[in-house]
Amino acid sequence: MENLICYCFGYTASDIERDVLANGKSTIIDRIVTEKKAGGCQCAAKNPKGR
């Protein structure tokens, strides 16, 4: 299994690469920020490092 970049939302390096190819830049960070503002961040629970 590929290493996760974002444990909360399950994004991998390959996801980011595909996003850049499709959009000319990564839009994933925008999605993460939106979800965090909506209270969807669970880093402390999902990330093994707790962040």
Over all atoms of both residues, closest heavy-atom pair of Ile16 and Ser26:
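Closest heavy-atom pair between Ile16 and Ser26: CG2-OG, 3.9 Å.
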
Looking only at non-hydrogen atoms, find the nearest pair between Cys41 and Lys36 and report the distance.
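Between these two residues, the closest heavy atoms are CB-CG, 3.6 Å.
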
Hey, could you give me each pair passing salt bridge (Lys or Arg N to Asp or Glu O under 4.0 Å) that has a residue in residues 14-33? Not counting sequence neighbours.
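Sorted pair list: Asp15-Arg18, Asp19-Arg31.
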
Quick one: list whatever passes side chain to side chain contact (heavy atoms under 4.5 Å, CB included) with Ile29, sequence neighbours left out.
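Only Val33 meet the side chain to side chain contact (heavy atoms under 4.5 Å, CB included) criterion with Ile29.
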
Linked, directly or transitively: Tyr7 and Phe9 (ILVMFWY side chains, under 4.5 Å):
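Not linked; separate clusters.
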
Inter-residue atom distance Ile32.CD1 - Thr27.OG1, 0.5 Å rounding:
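Reported to 0.5 Å precision, the distance equals 10.0 Å.
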
